[in-house]
Undergrad: 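So that we are looking at the same thing, I have put the structure below in structure tokens.
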Number of protein chains: 2
Amino acid sequence: MTHSEENYIKAIFHLANTGIEVISTNALAEKMETKPSSVTDMMRRLSKKGLVHYKKYQGVSLTTLGTKTALSIIRKHRLWEVFLVEKLGFTWDEVHEIAEQLEHIKSEKLIDKLDELLDFPKFDPHGDPIPGKNGEFMEHDNQLLSQLPIGSVALCVGVKDSSAVFLRFLDKNSIALGNKMKIIEKEEFDNSLRILLNERELQISQQIASNLYVKKIEL
Amino acid sequence: MTHSEENYIKAIFHLANTGIEVISTNALAEKMETKPSSVTDMMRRLSKKGLVHYKKYQGVSLTTLGTKTALSIIRKHRLWEVFLVEKLGFTWDEVHEIAEQLEHIKSEKLIDKLDELLDFPKFDPHGDPIPGKNGEFMEHDNQLLSQLPIGSVALCVGVKDSSAVFLRFLDKNSIALGNKMKIIEKEEFDNSLRILLNERELQISQQIASNLYVKKIEL
DNA sequence: TAAAAAATTTAGACAAATCTAAAAATTTGT
DNA sequence: ACAAATTTTTAGATTTGTCTAAATTTTTTA
Ligand SMILES: [Mn+2]
Ligand SMILES: [Mn+2]
Ligand SMILES: [Mn+2]
Ligand SMILES: [Mn+2]
């Protein structure tokens, strides 16, 4: 498999996990930042290799083999991200781009040894679950901060948007994974939240709240 | 730069360091396991990018920029090899192929952090020197075991051939870098050597002796 | 339900990296 | 010195991955 093919497979997997079952040529083109005609070409290639189901004008979806492949690439991506943060001291907003390259390194043994070195982590630095060696994938059933009712207490467990801009915004406001937060008030006008975090009150926009995954703590 | 361009640059560097100044199209084709016509094409591309001096029928050599580029790739290759052995527990015969992939990862910061994690090693697992961050390259002036006179005592410091077959042969015979060896006898018939290594006498063929770098110990 | 709009595919082109076969230049040997 | 051998380049083709522009199919809408 080429890097390009792997990137398409990964993109299809991610789109499929946003709810959509059948992915349109245009949606995939947008995700891949390329042209629909290029997508059509690539879908034919991937289809011939048995990685996707594709019939023209009907959209595309991953085959069992395609899903297995996607999970293996995502596993590598996320393990490398953990390595970069835990062993090399990178910050969580720096690792994605480098992992985009490292995820294409081909060596089963390498990734197993890396997993071991990192002590078999279950989540990457952004709170995303790391697929297992045999393709086990734990979809996290987390809620978004924006979905919690007033008075809730919750642990921050992940980010939905893991762009560097958003991550640096969180750093600036001392919001990190593992933090406990309590929702004090919801502003009707703009759906912003007033939360208590680290003994400190914080005003958070709807935009932010709907990009933070939390796990509710029952009191 | 593409992976392919980087691999050509590295190959030219390695050929240049076997003594030859001007590298022929055929020599490079053989090293790259490709056809001379492909080499001609690539030399034109690299020449246009200012990485090599190339005039047709005149052979090729690296420019200053080309040399700098080669050293940077070799630095990455060798640091990754150290990582694989020291941190992931790979054996020295397994690391070259994986490093061939990892050497193409683009991130200055990554390689600096890796260097730090490894405690700034000066040699890779095969005894080859690791170029510095600013292109400092220490050519090792080691002798080959086959060149030493009888009675010499020397430290084994590197391998000339670092193919997996040769490395596994050394493992099988418990010959490792850092070992002290004394030359007891030289067989006139086939130039094989009888050496003392780890309290053990060992018969070594000329083939083997001429692929082991040693550093003489003055008594 | 037919025209308009949107989505998708096809056709044709291009750059990178490779190949084979043929032509041209250089080197070697007598 | 010149023919033969060798090396190197050129010409033309192929694959991958991309693009633009045009054609086709599907969906929407009036
Ligand atoms: Mn990532
Ligand atoms: Mn990628
Ligand atoms: Mn190597
Ligand atoms: Mn390489």
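Numbered from 1 within each chain, the chains take letters A, B, ... in sequence-line order.
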Undergrad: Pairs under 3.5 angstrom only: tabulate donor-acceptor contacts from the side chains of residues 66-73 of chain A to other protein residues two or more places apart or in another chain.
TA:
from, atom 1, to, atom 2, distance (Å)
T67(A), OG1, T63(A), O, 3.0
T69(A), OG1, L65(A), O, 2.7

Undergrad: Which residues, if any, of residues 31-40 of chain B bring a heavy atom under 4.0 Å of DNA chain D?
TA: P36(B), S37(B), T40(B)

Undergrad: Mind checking what makes side chain to side chain donor-acceptor pair (under 3.5 Å) contact with K49(A), not counting sequence neighbours?
TA: E5(A)

Undergrad: N191(B): which residues meet the side chain to side chain donor-acceptor pair (under 3.5 Å) condition with it, sequence neighbours left out?
TA: none

Undergrad: Would Q58(B) and H53(B) count as a side-chain hydrogen bond (donor to acceptor under 3.5 Å, both in side chains) if you check the C-alpha gap in whole Å, the side-chain angles of each, and the deciding distance to 0.1 Å?
TA: CA-CA 9 Å; Q58(B) 306 292 288; H53(B) 297 295; over 6 Å; no

Undergrad: N/O contacts under 3.5 Å, protein versus nucleotides 2-7 of chain C?
TA:
none

Undergrad: Between K55(B) (NZ) and dT8(D) (P), how many Å, whole number?
TA: 17 Å

Undergrad: Go through the structure and list residues passing side-chain contact (heavy atoms from CB on, under 4.5 Å) with Q203(A), not counting sequence neighbours.
TA: S192(A), R194(A)

Undergrad: Tell me: CD of Q58(B) to C1' of dT27(C), nearest whole Å?
TA: 13 Å

Undergrad: Sequence neighbours left out, what pairs pass side chain to side chain donor-acceptor pair (under 3.5 Å) with at least one residue falling in residues 6-25 of chain A?
TA: E6(A)-H104(A), E6(A)-K106(A), N7(A)-H104(A), K10(A)-E100(A), K10(A)-E103(A), N17(A)-E139(A)

Undergrad: With sequence neighbours left out, write down each residue that passes ring-ring contact (aromatic ring centres under 6.0 Å, His included) with F120(B), or none if nothing qualifies.
TA: none

Undergrad: For F166(A), check ring-ring contact (aromatic ring centres under 6.0 Å, His included) against everything at least two apart and list the hits.
TA: none

Undergrad: Pull out every protein N or O sitting under 3.5 Å from an N or O of nucleotides 13-17 of chain C, one pair per line with the distance.
TA:
from, atom 1, to, atom 2, distance (Å)
dA17(C), OP1, T2(B), OG1, 2.4
dA17(C), OP2, R45(B), NE, 2.9

Undergrad: Output yes when at least one side-chain N/O atom of Y54(A) is less than 4.0 Å from OP1 or OP2 of dT9(C), else no.
TA: yes

Undergrad: Rounding to a whole Å, what distance do you find between K56(B):NZ and dT26(C):C1'?
TA: 13 Å

Undergrad: Does any pair with a residue in residues 78-101 of chain B pass ring-ring contact (aromatic ring centres under 6.0 Å, His included), and if so which ones, sequence neighbours excluded?
TA: F83(A)-F83(B), H77(B)-H96(B), W80(B)-F83(B)

Undergrad: Going by ring-ring contact (aromatic ring centres under 6.0 Å, His included), name the residues that satisfy it together with Y57(B), two or more places apart in sequence or in a different chain.
TA: none

